[in-house]
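Remarks on the structure that follows.
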Amino acid sequence: MTGNSIRAVGAYAPRFRITAEAFEEAWGQFHASGIEEKAVPGADEDALTMAAAAAKRALATDGSDGDEVSHLAFASTTPPLAEADLTSRLGAALGVPETATRRFHGGSTRAGTSALADAVAADLDDGLALVVAADCPKGHLDDAVDHAAGAGAVAFVLGGDGAATVADSAEYATPYPGTRFRQAGTDRTEGLDVTTYDRTAFREVVTGAVDALDADPEPDAVAIQAADGKRPYRVAGALGVDNAAIYEVATVQELGDTGAASAPLSLARALAAGVETTLVVGVGSGAGADALVVVHDDEEGVAADLALDGGANLSYAEYLRQRGEVTSGPPDGGGAYVSVPSWKRSIPQRYRLEAGRCLSCDALNFPPAGACESCNGREGTEPVELPGTGTVEAVTTISQGGAPPEFAEQQSKSGDFAVAVVALDGPDGGSVSVPVQVTDADPGSVGVGDAVTAEFRRIYTQEGVTRYGCKVTPAE
Amino acid sequence: MRDAYVVGAGQSDFGSFPDESYRSLFETAFDAAVDSVAGSIDTDNFDEAVVGTLGVGGRQLGLSGPAVTEHVGLHGVPTTRVENACAASGYAVRQAVQAVKSGMADVVLAGGVEVMTDASGDATKYWLGVSGETEWERLSGTTFAGVYAQMASAHMAEYGTTREQLSHVAVKNHAHGADNPHAHLGFTCSLEDAMDAPVVADPLNLYHCCPTTDGAAAAIVVSEDVVDQYADEALRVAGVGAASDRVGLFQRDSYVNVPASAEAAATAYEMAGFGPESLDFAEVHDCFAIAELMAYEDLGLCEPGESGAFVTDGRSDYGGEVVVNTSGGLKSKGHPIGATGAGQVVEAFKQLTGQAGERQVEGATRGLTHNVGGSGGAAVVHAFEREEVGA
């Protein structure tokens, strides 16, 4: 099979982690075997922000810009909106051209591998394909789905000349109702938990897809769907590999169930490790599976930037807060009203830090509107994209009760937060100051003079519309 | 241009008054101002009225000027509402002075009113942030406490200013406010109280932040042509200065001072013909403790960076070089946004007419008021001098 090949891979997981022990302490037992700890999205994260974080890493490690992408695919079972084309926002955050082909894959944890298989076959018109899978499933708090539910995102850059080729692919589907599903109108995934039936479904679709490949892949590693840390190994024998071939590239034991990103994250790990032949099996309940054989040319190598390390452990109570399980939602008092149309006009600034360079005095302006911050002239500005690094000039920590109402819900979920004025670096020297929230950091740890980098996050939600934009995190 | 004089000024109590409306509070202030005039003044004497209010809570956002002047019997008098956030009524006073100096009016009422304590906590927080730069600054997650805290962080990094120095501002102003019967928080506090209070926006704690307050204040500004009809001695408006700046802190030239304050002060001093060294007292805009420290520097009471030591050395207290915030300031007297600037003039009137009681600065002849909108998007400074005007 020929087609587009993988040039680079990026991955991202939230810094928050909760351990199996924390669940055992809260519940008396932990229902997700084989998971030691799992990733938990912060209050300002969702599948879209994680997707952007992974995709930025993939593009950067490839040395590519968003404007080279001609095919953008986003796969998730947990998009923050059930209806709305989120690829437009993802594309805007990455600078993907408005005319690029866009595809959303959802509704099944197969979505990530399906998106990858489609991109391999896509006509890229000399451009790049960017395939992003991101997921953060939720279950009912007392069942195995939620105990296993993790978070993570992975992105692949494909082109005509990548070092990792998809040598073969196949799929298989047959009805197995009740194995894993999410009813319309809810954010909780569930399953009937009929043990033998579930295992049979998994085994049939996995082996069905693999058997449909043109040849026995004889893989060095198997990147396979992992709803928990035990089920994948039940098919090791049937796939002709030992457990280590699965375990060495697995992420479930540290990130939990990452849904549509599960098998793709394992592929990312395999590519980063230089594995020669990887069998990728994405499984969707209901049930179906994709099998892809990815062969890695060692001499070329696939560029990889996997940011999957944890940074802060949560107690179970903090886990409930962070996810909004025990908070009361937005306050009644209303918030600052910035209309959706006026927010939309500022998306180049919010998503990509597009500043303006004064045509008269060359000073950087942010936002680029009105009289120049430096010379007061009104000759206008030319757009300049800021690289997203900067230095804290002034900073405070907003304590409980001190947040404006539009941030009250976030604060009840994730606690005190820092807000800074940051001098963002210009692309060719100089800087421009921007007020910005600090995320992914203990607020007290951020001081004047500290280096920070920009991240794409949820800012606040009003009228049902989540406004995304820029926050900063301490520089690594 | 002819001179303008303040011949009367009065205020309601500042505090939280569930039984009062914005109109009844304004009426109390108006009556107090009228009563404070040495001679007799009647509603028929007013040529003009200027009312500062932000409209916290939204109650009467449109025509909020006439809504209070009609209530005190001034219907028919041209009334303008001035909105410049927390500097609303400082600008109302300035507009009254302009009307008088221009010759268009001989007697002008300049006042302000705000009701801030009758809404839920969330609704109040919404209103407290409406004067920040909304699209970027506020949506980074701050209210004003946060923006002033950012300035404090920069001031600390630049000059080594300390939390203890910030706390000394609260101790001083509460000591002054304890002697002011109109004060919202008219009690003393110890340095320990002011150091250990809960954090609002680091490094600012509760004692570094002024309260939200209900209240009204009014001043009567008249021309030199009629001043002797109302008083034997009055406050001559020796200087007035005002300046605007970018609404968002992040677009300003400096985070360690309020450039609009410095510019307004320079203008006022130049017009007055005297400078900070000849002031006996100053009512400055201490919405947050760092704001008072920055005001010392912007008004030229001390050199840049020396404000922390200026307060801890007692140089801004009784017995010092210039007594700052004899009324208790926004911190102790309270901060009913639209009434604050006029309220500062009330204190200046009391000090310069010898009616400040326990708070009297002995022999006061020159004083200053300094009113800031937002985090420095607008500032206005008045310099007053006591003058014999009797016939």
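Between Phe366(A) and Phe250(B), the shortest heavy-atom distance links the atoms O-CE1, 3.5 Å. The two residues Pro404(A) and Gly141(B) have their closest heavy-atom pair at CD-O, 3.3 Å. The two residues Ala403(A) and Thr143(B) come nearest to each other via the heavy atoms C-CG2, 4.5 Å. Considering every non-hydrogen atom in both Arg138(B) and Pro405(A), the closest pair reads NH2-CD, 3.6 Å. Trp343(A) and Leu139(B) get closest at one heavy-atom pair: CZ3-CD1, 3.5 Å.
By the neighbour-count criterion of 12 heavy atoms within 6.0 Å, atom CG of Leu359(A) is densely surrounded, having more than that number from other residues, nucleotides or ligands.
Among Gly146(B), Gly132(B), Ala152(B), Gly129(B), the residue with the largest count of heavy-atom pairs under 4.5 Å with chain A is Gly146(B). Chain A forms more heavy-atom pairs under 4.5 Å with one residue of Thr124(B), Thr142(B), Val199(B) than with any other, namely Thr142(B). Each of Gln400(A), Lys471(A), Gln349(A) has some count of heavy-atom pairs under 4.5 Å with chain B, and the biggest count is that of Gln349(A).
Counting only distance, with no hydrogens or angles, the side chain of Glu137(B) and the backbone of Pro435(A) share no donor-acceptor pair below 3.5 Å. The closest donor-acceptor contact from the side chain of Ser399(A) to the backbone of Ala201(B) lies at 3.5 Å or more, if one exists at all.
Neither the backbone nor the side chain of Ala418(A) comes within less than 4.5 Å of any heavy atom in chain B. Of the two parts of Val130(B), neither the backbone nor the side chain holds a non-hydrogen atom closer than 4.5 Å to a non-hydrogen atom of chain A. In this structure, the portion of Ile459(A) lying under 4.5 Å from any heavy atom of chain B is its side chain and not its backbone. In this structure, the portion of Phe417(A) lying under 4.5 Å from any heavy atom of chain B is its side chain and not its backbone. Proximity to chain A (any heavy atom under 4.5 Å) is shown, for Leu128(B), by neither the backbone nor the side chain. For chain B, the nearby parts of Pro367(A) are the backbone and the side chain; heavy atoms of each come within less than 4.5 Å. Contact of Arg350(A) with chain B is made through backbone and side chain together, with heavy-atom distances under 4.5 Å. Proximity to chain B (any heavy atom under 4.5 Å) is shown, for Val419(A), by both the backbone and the side chain.
Atom OG1 of Thr397(A) and atom CD of Gln150(B) lie 10.0 Å apart (nearest 0.5 Å). Rounded to the nearest 0.5 angstrom, Asp202(B) CG and Ile398(A) CD1 are separated by 9.5 Å.
For Tyr337(A) and Thr134(B), the side-chain atoms include no donor-acceptor pair closer than 3.5 Å.
The pair Glu373(A)-Arg252(B) does not meet the salt-bridge criterion, since no charged nitrogen lies less than 4.0 angstrom from a carboxylate oxygen.
Between Gln251(B) and Ser433(A) the shortest side-chain heavy-atom distance does not fall below 4.5 Å.
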